[in-house]
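To keep things clear, I will list the structure first and then write my remarks on it.
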Amino acid sequence: MLRQQVTKRLAACRGLASEVRIVEVGPRDGLQNEKNHVSTGLKVDLVNKLTAAGCDYIEAGAFVSPKAVPRMADSKHVFQQIERSNAVTYAALTPNLKGFETAMEVQADEVAVFTAASEAFNKANIRCSIEESIARFDPVFEAAKPGGVKVRGYVSCIAGCPYQGWVDPAKVREVTQLLLEKGCYEVSLGDTIGVGTPGSIAAVLKEVLETVQPGSIALHLHDTYGQALANILVGLQHGIRTFDASVAGLGGCPYAPGASGNVATEDVVYMLDGLGIKTGISLDELVKVGNFISTELGRMNGSKVGRAVASSCIHE
Ligand SMILES: CC(C)(COP(=O)([O-])OP(=O)([O-])OC[C@H]1O[C@@H](n2cnc3c(N)ncnc32)[C@H](O)[C@@H]1OP(=O)([O-])[O-])[C@@H](O)C(=O)NCCC(=O)NCCSC(=O)C[C@@](C)(O)CC(=O)[O-]
């Protein structure tokens with residue numbers, strides 16, 4: 001109790017938010033690149049367990065070409081079988097109108113369109129230029145309007161690209177702004193290959209926040225170089241209040257060879273708990289979910305907190 005009061009005061013003193021939103025991307029970003037088959041039942045279990053742990057935003061699947069990303073081919077069944085909570089937003093990735101229509105068939109609450117700040121990455125990932133990708137989203141924005149469906153946006157490769165290397169922060173700002181003007185309510189800035197450092201992420205945020213409000217920005221940080229938590233702290237210091245994360249650090253992008261998964265949700269929640277910043281997620285329950293999915297997939301739990309708790313290190 002005392003620790004909670006002290007840490008809350010600490011967060012306030014440092015001008016950090018008292019609450020943040022975690023976008024749990026494990027069932028989508030986390031599983032899209034799994035080597036082995038992942039059953040629909042396991043995906044459904046994962047989403048249900050994340051719901052029970054208090055996650056209130058879960059990206060549960062992707063309506064993309066099954067040839068491009070076979071692991072997401074059963075997203076329709078996942079959406080049809082999950083036990084929904086009214087308190088949770090169940091979202092899906094939709095690269096075009098076809099994806100949006102499927103998302104609506106299975107009552108996804110929100111959709112996300114995705115492009116990049118790197119032409120080379122976009123060509124590999126969605127087989128078109130940045131400009132063409134945004135034109136493809138126009139029908140999605142149009143179709144979303146009548147039903148008031150919220151559209152989130154992703155900009156990949158904000159801190160570097162596996163194909164072209166350096167990415168200009170001005171390009172990140174330009175694409176972000178365009179997505180917001182077109183109709184995204186929020187744009188998640190993706191360090192797709194996890195190369196960003198507190199210095200480079202601060203430089204990107206400084207550039208983007210020249211013209212965009214921090215409330216319209218989220219950070220989506222892969223943890224390849226172990227910088228993601230430090231980068232989240234930089235995000236908090238810049239007023240960002242939404243962070244994407246993946247339970248057990250699951251994942252990687254099929255078009256970013258060698259990149260590890262998103263920062264582990266358990267690690268983020270542990271850090272935020274320590275800062276007295278609320279997420280609504282139960283760390284103890286989340287750790288169980290991370291251990292469950294890691295065991296089921298036969299992979300090492302990518303969350304340091306998950307491993308520490310499992311090996312009975314001291315945990316308040
Ligand atoms: C974008 C396309 C479709 C373009 O692919 P294309 O080949 O240019 O498009 P197309 O319209 O010619 O369609 C090709 C085939 O895909 C089918 N198709 C077309 N659209 C759909 C759809 N919505 N749902 C299901 N099927 C679809 C379409 O029907 C056709 O089937 P075929 O006639 O060959 O049998 C393709 O390249 C694609 O689906 N790519 C998937 C890319 C992807 O999912 N990448 C991983 C997610 S992004 C990511 O991880 C980064 C992020 C978001 O996490 C942030 C970060 O970390 O930076």
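Throughout, numbering of the chain's residues begins at 1 and tracks the sequence. Values below: every heavy atom of this structure, side chains too, minus hydrogens, waters and symmetry copies. Please read these numbers as outputs of a predicted model, since none were measured by experiment.
- Evaluated for a side chain to side chain donor-acceptor pair (under 3.5 Å) with Ser303, the options Asn291, Asp267, Thr265 yield exactly one hit, Asp267.
- Using a 4.5 Å heavy-atom threshold, the side chains of Ile82 and Asn48 count as touching.
- Annotation: Lys304, atom NZ; neighbour count of heavy atoms from other residues, nucleotides and ligands within 6.0 Å does not exceed 12.
- Thr115 is not listed as a side-chain neighbour of Val113, based on a closest heavy-atom distance of 4.5 Å or more.
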Just do the side-chain contact (heavy atoms from CB on, under 4.5 Å) check on Glu83 and Val47 with the steps written out, would you?
CA-CA 8 Å; Glu83 284 163 31; Val47 174; over 6 Å; no
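- Counting only heavy atoms from C-beta outward, the side chains of Leu272 and Ile22 approach each other to under 4.5 Å.
- To the nearest 0.5 Å, atom NZ of residue Lys76 and atom OG1 of residue Thr102 are 6.0 Å apart.
- Under the 4.0 Å criterion applied to side-chain N and carboxylate O atoms, Lys171 and Glu174 are assigned as salt-bridge partners.
- For Glu285 (side chain) and Gly54 (main-chain N/O), no donor-acceptor pair under 3.5 Å exists by modelled atom type.
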If you apply the rule side-chain contact (heavy atoms from CB on, under 4.5 Å), what do you find for Ile193 with Phe121, and how did you get there?
CA-CA 11 Å; Ile193 51 175; Phe121 182 81; over 6 Å; no
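- Judged purely by atom type and a 3.5 angstrom limit, Asp56 has no side-chain atom pairing as donor or acceptor with the backbone of Ala87.
- The backbone N or O of Tyr225 sits less than 3.5 Å from a side-chain atom of Gln227, completing a donor-acceptor pair.
- With hydrogens and angles ignored, the 3.5 Å screen pairs a side-chain donor or acceptor of Ser75 with a backbone N or O of Ala62.
- Summarising the local packing, CZ of Arg299 is surrounded by more than 12 heavy atoms from other residues, nucleotides or ligands at distances under 6.0 Å.
- Put simply, CD1 on Ile158 and CG on Leu189 are 5.0 Å apart, with the number rounded to the nearest 0.5 Å.
- Contact check for Tyr57 versus Arg152: side-chain heavy atoms found under the 4.5 Å cut-off.
- Of all heavy-atom pairs between Val289 and Ala53, the closest is CG2-CB, 4.3 Å.
- Exactly one of Val208, Ile240, Leu180, Thr242 qualifies for a side-chain contact (heavy atoms from CB on, under 4.5 Å) with Ser216. That residue is Leu180.
- A donor-acceptor contact shorter than 3.5 Å is absent between the side chain of Asn96 and the backbone of Arg136.
- Between the OG1 atom in Thr279 and the CZ atom in Arg21 there is a gap of 13.0 Å [rounded to 0.5 Å].
- Within the model, atoms CE of Met271 and CG of Leu236 stand 5.5 Å from one another, a figure rounded to the nearest 0.5 Å.
- The main-chain N or O of Asn301 is found under 3.5 Å from a side-chain atom of Arg307 such that the two form a donor-acceptor pair.
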Worked check of side-chain contact (heavy atoms from CB on, under 4.5 Å) between Val268 and Val20
CA-CA 11 Å; Val268 179; Val20 307; over 6 Å; no
Passes side-chain contact (heavy atoms from CB on, under 4.5 Å), Leu297 versus Leu42? Steps please.
CA-CA 9 Å; Leu297 295 174; Leu42 181 57; 4.0 Å; yes
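- Counting only heavy atoms from C-beta outward, the side chains of Ser200 and Pro169 never approach each other to under 4.5 Å.
- Shown here for Arg28 and Gly61, the closest heavy-atom pair between the two residues is CG-O, 3.4 Å.
- In this structure, the side chain of Gln213 does not engage the main chain of Gly215 through any donor-acceptor pair within 3.5 Å.
- Closest approach of Val151 to Ala144, counting heavy atoms only: CG2-CB, 3.7 Å.
- Each of Val38, Ile293, Leu46 was evaluated against Pro27; a single residue qualifies, Leu46, per the side-chain contact (heavy atoms from CB on, under 4.5 Å) test.
- Classification of the Phe79-Phe63 ring pair by plane angle, with boundaries at 30° and 60°, yields tilted.
- Note: Phe141 and Phe137 have perpendicular aromatic rings, judged against thresholds of 30 and 60 degrees for the angle between ring planes.
- Within 6.0 Å of the CD atom in Glu131, the count of heavy atoms belonging to other residues, nucleotides or ligands does not exceed 12.
- A pairwise comparison of heavy atoms in Thr94 and Ala103 identifies CG2-CB, 3.9 Å as the closest pair.
- In the hydrophobic cluster analysis, where Ile, Leu, Val, Met, Phe, Trp and Tyr join through side-chain heavy atoms closer than 4.5 angstrom, Phe100 is grouped together with Ile134.
- Smallest separation of non-hydrogen atoms from Leu205 and Gly235: CD1-CA, 3.9 Å.
- A salt bridge is absent between Arg71 and Glu34: the closest approach of a Lys/Arg side-chain nitrogen to an acidic carboxylate oxygen does not fall below 4.0 angstrom.
- Counting heavy atoms from C-beta outward, Asn125 and Phe114 have side chains that approach closer than 4.5 Å.
- Looking only at atom types and distance, the side chain of Thr192 has no donor-acceptor partner in the side chain of Tyr255 under 3.5 Å away.
- Between Glu110 and Thr89, the side chains place no donor N or O within less than 3.5 Å of an acceptor N or O (distance only, hydrogens not considered).
- For the pair Ser118 and Trp166, the minimum side-chain heavy-atom distance is 4.5 Å or more.
- Hydrophobic clustering, with ILVMFWY side chains joined whenever heavy atoms are under 4.5 angstrom apart, keeps Val204 apart from Val195.
- Between the side chain of Glu119 and the backbone N or O of Ile130, at least one donor-acceptor pair lies under 3.5 Å.
- Under the 4.5 Å side-chain heavy-atom criterion for ILVMFWY residues, a single connected hydrophobic cluster contains both Leu221 and Val212.
- Considering CG of Asp273 and CD of Glu266, their distance stands at 12.0 Å, rounded to 0.5 Å.
- Of the possible polar contacts, one joining the Asn231 side chain to the Gly196 backbone as a donor-acceptor pair under 3.5 Å is found.
- Asn33 CG to Ser260 OG: the interatomic distance, rounded to the nearest 0.5 Å, is 11.0 Å.
- Ion pairing between Lys150 and Glu186 fails under the 4.0 Å rule for side-chain N and carboxylate O.
- One hydrophobic cluster holds both Ile58 and Tyr185 under the rule that ILVMFWY side chains link at heavy-atom gaps under 4.5 Å.
- The two residues Pro257 and Tyr163 have their closest heavy-atom pair at CD-OH, 4.1 Å.
- With contacts defined as side-chain heavy-atom distances shorter than 4.5 Å, the pair Tyr154/Asp29 does not qualify.
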